[in-house]
2 protein chains.
Amino acid sequence: MRIGELAKKTEVPARMLRYYEEQGLISPRRLDNGYRTYDDYLVDRVRKIRGLVDSGIPTRIISNILPCLDQPQTIVVKNAEPGLRELLVTERDRMSEKIDFLIHNRDSITRYIEAIDRATVSPRQTSRAS
Amino acid sequence: MRIGELAKKTEVPARMLRYYEEQGLISPRRLDNGYRTYDDYLVDRVRKIRGLVDSGIPTRIISNILPCLDQPQTIVVKNAEPGLRELLVTERDRMSEKIDFLIHNRDSITRYIEAIDRATVSPRQTSRAS
DNA sequence: TTCGACCTTCACATTAGTGGCAACGTTGAG
DNA sequence: CTCAACGTTGCCACTAATGTGAAGGTCGAA
């Protein structure tokens, strides 16, 4: 598919898709006329990129871990670059920290919302009737 | 405490603490000589700020949800600003999405690491002995 | 008085995007 | 075929957010 279609499917502006290519995150092939052409699997990939960027992971890191996020790992692993495993472990642990942290704070927010609701729905009387 | 001590305790450079103040995330009092002075509870607060920023939450949002992350909610809730609840719900849901996404991808990375290990430790023989 | 910690202020750096433009490709109507 | 409308391309510059560096001055203890 061409860039416009991918933009619609992923909700990511075409402008941004070119930017991600510039950053080395996606590498579409080209048609004879120079237009970029994207394979279907890139739809998922672009969504992953968005999520990772939104989660505060820099594109430099993303480009390293992206190949590891696809399902059939068994084939790719053959060329195990030396530093890769270490990088992955580091990044995974960083993600785990982030997850724990986000869960903790999300739950704090949830409790706060509940406190608001309690304070709002019945500030003066214990709503006995419907 | 003064800024240097807070910087040590939080691992956040003094320069950055001034920046966060500029962004309205912390409001230290001042001594007679103009030095900033920080209460103990700000240590936790600064760590929270770091975590939230690292998780891709913009400071503009952080300044809104920070007051809700402290433990004793019951007192603060009295002045329930109208839009606050909605903002909190939105932000909490956004955090939940981020959490799910991070968990999913962290697990993918973990599986990939395991695949590397399997491919590395015994590429040719099924390691029968220790 | 000297030195380290702190102050303000201005400027610069990096990351992640966005805007605008001129030129070219594609497609469908007349 | 020609023309208009629209998608695409490359390019350059610009914005916004998050920091960082450095100059030049002040505070207070040794």
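Note that these values count all heavy atoms, side chains included, but never hydrogens, waters or copies made by symmetry. Here is how names work: the chains are called A, B, and so on, in the same order as the sequence lines, proteins then strands, and each is numbered from 1.
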*Could A:Arg94 and A:Glu91 be called an ion pair, given the rule that one side-chain N must be under 4.0 Å from one carboxylate O?*
yes
Distances under 3.5 Å between protein N/O atoms and the N/O atoms of nucleotides 17-20 of chain C, please, pair by pair.
| unit_1 | atom_1 | unit_2 | atom_2 | d |
| --- | --- | --- | --- | --- |
| C:dG17 | OP1 | A:Arg50 | NH1 | 2.9 |
| C:dG17 | OP2 | A:Tyr20 | OH | 2.9 |
| C:dT18 | O4 | A:Arg15 | NH2 | 3.0 |
| C:dG19 | O6 | A:Arg15 | NE | 3.3 |
| C:dG19 | O6 | A:Arg15 | NH2 | 2.4 |

_Using a 4.0 Å heavy-atom cut-off, does A:Arg60 contact any base of the nucleic acid, only the sugar-phosphate backbone, or nothing at all?_
nothing
*Give me the first and last nucleotide of DNA chain D, going 5' to 3', that has any atom under 4.0 Å from a heavy atom of chain B.*
D:dT18 to D:dG28
*Can you list the residues that meet the side chain to side chain donor-acceptor pair (under 3.5 Å) rule with A:Arg45, with sequence neighbours excluded?*
none
For residues 48-69 of chain A, please give each side-chain donor-acceptor pair under 3.5 Å, one per line with the distance, not counting sequence neighbours.
| unit_1 | atom_1 | unit_2 | atom_2 | d |
| --- | --- | --- | --- | --- |
| A:Lys48 | NZ | A:Leu69 | O | 3.2 |
| A:Arg50 | NH1 | A:Tyr20 | OH | 2.5 |
| A:Arg50 | NH2 | A:Asp54 | OD1 | 2.9 |
| A:Ser55 | OG | A:Gly51 | O | 2.9 |
| A:Ser63 | OG | A:Arg60 | O | 2.9 |
| A:Asn64 | ND2 | A:Arg60 | O | 3.1 |

_Tell me which residues in residues 91-102 of chain A lie within less than 4.0 Å of DNA chain C, going by non-hydrogen atoms._
none
*When you measure from every atom of DNA chain C, which of residues 22-37 of chain B have a heavy atom less than 4.0 Å away?*
B:Arg30, B:Gly34, B:Tyr35, B:Arg36
_Quick check: closest heavy atoms across A:Tyr38 and A:Leu42, and the distance to 0.1 Å?_
CD2-CD1, 3.8 Å
Exercise answer: donor-acceptor pairs, residues 23-31 of chain B side-chain atoms, under 3.5 Å, sequence neighbours excluded:
| unit_1 | atom_1 | unit_2 | atom_2 | d |
| --- | --- | --- | --- | --- |
| B:Arg29 | NH2 | B:Asp39 | OD1 | 2.4 |
| B:Arg29 | NH2 | B:Asp39 | OD2 | 3.3 |
| B:Arg30 | NH1 | B:Gly34 | O | 2.9 |
| B:Arg30 | NH2 | B:Glu21 | OE2 | 3.4 |

_Using whole Å, what does the distance between atom C1' of nucleotide C:dA16 and atom CD1 of B:Ile57 come to?_
17 Å
*Using the test side chain to side chain donor-acceptor pair (under 3.5 Å), find all partners of A:Thr90 that sit at least two apart in sequence or belong to another chain.*
none
_Rounded distance [0.5 Å steps], CD1 in A:Ile113 versus CG in B:Leu88_ = 5.0 Å
*Output all residues satisfying side chain to side chain donor-acceptor pair (under 3.5 Å) with B:Arg85, sequence neighbours left out; order by chain, then residue number.*
A:Asp117
_Residues in side-chain contact (heavy atoms from CB on, under 4.5 Å) contact with A:Asp107, at least two apart in sequence or another chain_ = A:Ile103, A:Arg111
*Just how far, in rounded Å, is P of C:dC6 from CG of B:Leu6?*
10 Å
*In whole angstroms, how far is the C1' atom of C:dA5 from the CE atom of B:Met1?*
16 Å
*Taking NZ from B:Lys8 and P from C:dG4, how many angstroms apart are they, rounded to a whole number?*
13 Å
*Go through the structure and list residues passing side chain to side chain donor-acceptor pair (under 3.5 Å) with B:Thr37, not counting sequence neighbours.*
none
*Interatomic distance, B:Ile3 CD1 vs C:dG4 P [rounded to whole Å]*: 19 Å
_Testing the basics here: between A:Arg106 and B:Met95, what is the closest heavy-atom pair and its distance to 0.1 Å?_
N-CE, 3.7 Å
*Specify the closest pair of heavy atoms between B:Arg2 and B:Tyr35, including all atoms of both residues, with the distance to one decimal.*
NH1-CE2, 3.3 Å
Cut-off 3.5 Å, no hydrogens considered: what does the side-chain donor-acceptor table look like for residues 4-15 of chain B, sequence neighbours left out?
| unit_1 | atom_1 | unit_2 | atom_2 | d |
| --- | --- | --- | --- | --- |
| B:Thr10 | OG1 | B:Leu6 | O | 2.7 |
| B:Thr10 | OG1 | B:Val12 | N | 3.3 |

